[in-house]
Each structure stands twice: as structure tokens, then as C-alpha cells.
> 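A single structure is presented below for examination.
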Amino acid sequence: MTAQLNPRGDVAVLVPAAGAGVRLGPGRPKALRLLAGEPLLVHAVRRLAAAPSVHTIVVAAPAAEVAAVRDLLAPVAPVTVVPGGAERQASVAAALAAVPAGPEIVLVHDAARALTPPEVVESVAATVRAGHDAVIPVLPVVDTIKEVDAGEVVLGTVDRATLRVVQTPQGFRRAVLSAAHAAAADALTDDAGLVEKQGVAVRCVPGSEYALKITRPFDLALAEHLLAGGS
Ligand code: C5P
């Protein structure tokens, strides 16, 4: 029996949370690192569960931590926990395989984006519901971007007006995501990349500064500061 949140919701959210978090320095798997006294995964799942469209959440946890993650999340929200894989894409595929019949919209959300507001979840889901097969939240690029060669010499300046920084949750019509994963040949860093390879148009919607990916120690300090400010 798969755990359910809102039975009238039409969205399943897959949460890849099986990464080691090497860039954060030595310690527990990244999703279990503490932010303001609670694991990143708890913060992420609490915000997902607050989005009214969400019917089901499936977390892909480090294989050795599945039971611990189940216990950790039981008081937060009804979630299904499965063992993740060696790469992010394998973790997403494992979570996708555990989605029950029902939800026709599937979102994929990195546990590392622990402060993503429920409004972004709703906006991505609504845009899929409105007829887009694939939807990603994005921010404009604020820095000047240069392309460099192997010797760190600049080859040229990229027009940042045409670039976007991509966040999660990324949303898909369920059949589109399933087909893209079934056809996946190379490991990519996001799911929209897989559906792009299938020739599917990917629509951008505004993301949120709060959806930052907590990757390095500075990001963790920034997230602590944002939380202390009452986000
Ligand atoms: O480190 P990376 O950018 O790949 O992590 C993005 C997300 O994918 C994180 O939430 C991480 O826990 C997850 N991941 C995973 N399984 C892996 C590697 C990363 O679920 N094998």
C-alpha cells in the first residue's frame, strides 16, 4: 500500500535523496545533513507535503539508510521510501517505478533544494496540467558568462540573455517522463535533459531564490540565514 497525501491530488513527487554530498565535506549522506537542527530531506518533504496538488511522495534514499529515512519522515508526511541508485538518474528511475496508478503528473525534486516554496511546486504542476509535457523552474543568469579553453583562456562571452539557471521541481506528464527514462542512454544531471533528447518541448516558468541547491558549505550557511529570517 503506497502512502498518500491528498487523495484528490494529481501529482506524484519523486525525491532523489541518495547522493553522498561529497562537496559539502565529510559527514552523513547529503539529504541527512542538518539545517537548523533538521535534516535537509525533512525540510524538503515538509514543503512538498504543503502543496495541495501533491498526492504521493516517493523518496529514493541511500540504500543503507532506507529504514532510517522511513522513521525520520513518518512524523513529517506519508511518504514511500525506496533504495536509490549509484547515479541520480538511477535514483529517479527507482522512485518512478514505485509511483502507484493515479497521478498523471510527475515532478522530480532534489532533496538538496530543501527550502523550495510550495508555490513553485504548484506553479510547475499547474503548467503541466495546462498542457505542457515538460516544465522547469528557472532564474535569469545575473553574472557575465565566459567560455574558456583547457588552459583557462577565454574563448568568448556567451549572451546571458538567452541563458537560464535551472532548478527543481521539474514537472512532466507521467507518460513523457516514463518514456524518457526507458530510452535513457547516458546519465544526465536533470530529467528535462532526458525528455529534450526525446524531442519534447520543455517550458520554463519562474523559479525561486529559495530553491537554491545546497551543495557547498556556503550554501548551507546561506540556507541557515534564510531560515533564521523566517522563510
Ligand atoms: O549531487 P547531485 O547534484 O547529483 O545531487 C542532486 C540530487 O540527486 C540530490 O538530492 C542527491 O541526493 C540526489 N542523488 C541521488 N542518487 C545519487 C546521486 C544523487 O538521489 N546516486
Side-chain angles (χ1 to χ4, degrees), residues 12-36 38-49 51 54 56-70 72-73 76-77 79-99 106-118 120-121 124 136-139 164-172 177-178 180-181 184-196 207-208 210-220 222-223:
V13 189
L14 317 180
V15 186
V22 173
R23 288 167 291 183
L24 262 183
R28 304 216 57 202
K30 177 157 76 172
L32 302 177
R33 303 284 180 104
L34 299 185
L35 165 62
E38 290 186 305
L40 290 178
L41 183 59
V42 168
H43 288 277
V45 166
R46 189 182 291 129
R47 285 164 178 76
L48 291 171
V54 175
T56 303
I57 297 174
V58 183
V59 173
E65 306 275 356
V66 170
V69 168
R70 262 186 208 130
L72 179 72
L73 294 177
V76 181
V79 299
T80 301
V81 183
V82 299
E87 314 230 322
R88 181 187 181 281
Q89 199 165 300
S91 297
V92 173
L96 184 58
V99 175
V106 178
L107 269 51
V108 186
H109 184 51
D110 289 336
R113 298 186 188 274
L115 300 186
T116 303
V120 177
V121 176
V124 169
I136 57 175
V138 302
L139 292 177
R164 300 290 179 271
V165 173
V166 178
Q167 303 181 323
T168 72
Q170 301 190 342
F172 307 92
L177 185 64
S178 297
H181 269 270
D186 325 303
L188 298 181
T189 53
D190 79 344
D191 299 278
L194 292 180
V195 312
E196 286 158 36
S208 165
Y210 286 97
L212 76 151
K213 185 173 175 193
I214 299 170
T215 307
R216 291 156 297 203
F218 177 83
D219 307 321
L220 201 52
L222 176 59

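Counting from 1, the numbers follow the sequence of the chain as shown. Just so you know, ligand 1 is whichever comes first in the structure, and atom 1 is the first atom listed for that ligand.
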> State, yes or no, whether a side-chain contact exists between Val108 and Phe172 at a heavy-atom distance under 4.5 Å.
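A side-chain contact under 4.5 Å exists here.
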> If you look at each N/O of ligand 1, which protein N/O atoms lie under 3.5 Å away, and at what distance?
{"from": "ligand 1", "atom 1": "1 (O)", "to": "Arg23", "atom 2": "NH2", "distance (Å)": "3.0"}
{"from": "ligand 1", "atom 1": "3 (O)", "to": "Arg23", "atom 2": "NH2", "distance (Å)": "3.4"}
{"from": "ligand 1", "atom 1": "3 (O)", "to": "Lys213", "atom 2": "NZ", "distance (Å)": "2.6"}
{"from": "ligand 1", "atom 1": "10 (O)", "to": "Pro16", "atom 2": "O", "distance (Å)": "2.8"}
{"from": "ligand 1", "atom 1": "10 (O)", "to": "Ala111", "atom 2": "N", "distance (Å)": "3.3"}
{"from": "ligand 1", "atom 1": "12 (O)", "to": "Ala18", "atom 2": "N", "distance (Å)": "3.4"}
{"from": "ligand 1", "atom 1": "12 (O)", "to": "Gly19", "atom 2": "N", "distance (Å)": "2.9"}
{"from": "ligand 1", "atom 1": "14 (N)", "to": "Gly19", "atom 2": "N", "distance (Å)": "3.4"}
{"from": "ligand 1", "atom 1": "16 (N)", "to": "Ser91", "atom 2": "OG", "distance (Å)": "2.7"}
{"from": "ligand 1", "atom 1": "20 (O)", "to": "Ala17", "atom 2": "N", "distance (Å)": "3.2"}
{"from": "ligand 1", "atom 1": "20 (O)", "to": "Ala18", "atom 2": "N", "distance (Å)": "2.8"}
{"from": "ligand 1", "atom 1": "20 (O)", "to": "Ser91", "atom 2": "OG", "distance (Å)": "3.2"}
{"from": "ligand 1", "atom 1": "21 (N)", "to": "Gly85", "atom 2": "O", "distance (Å)": "2.9"}
{"from": "ligand 1", "atom 1": "21 (N)", "to": "Ala86", "atom 2": "O", "distance (Å)": "3.1"}
{"from": "ligand 1", "atom 1": "21 (N)", "to": "Glu87", "atom 2": "N", "distance (Å)": "3.4"}

> Does some side-chain heavy atom of Leu96 sit less than 4.5 Å from a side-chain heavy atom of Ser178?
yes
> Keeping to residues at least two apart or across chains, list the salt bridge (charged side-chain N to carboxylate O under 4.0 Å, His left out) pairs with something in residues 57-66.
Arg28-Glu65
> Give a yes or no answer on whether the side chain of Arg70 reaches the backbone of Val81 with a donor-acceptor pair at less than 3.5 Å.
yes
> Do the side chain of Lys30 and the main chain of Ile214 share a donor and acceptor less than 3.5 angstrom apart?
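Between the backbone of Ile214 and the side chain of Lys30 there is a qualifying donor-acceptor contact (under 3.5 Å).
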> Ion pair present between Arg113 and Asp219, side-chain N to carboxylate O less than 4.0 angstrom?
no
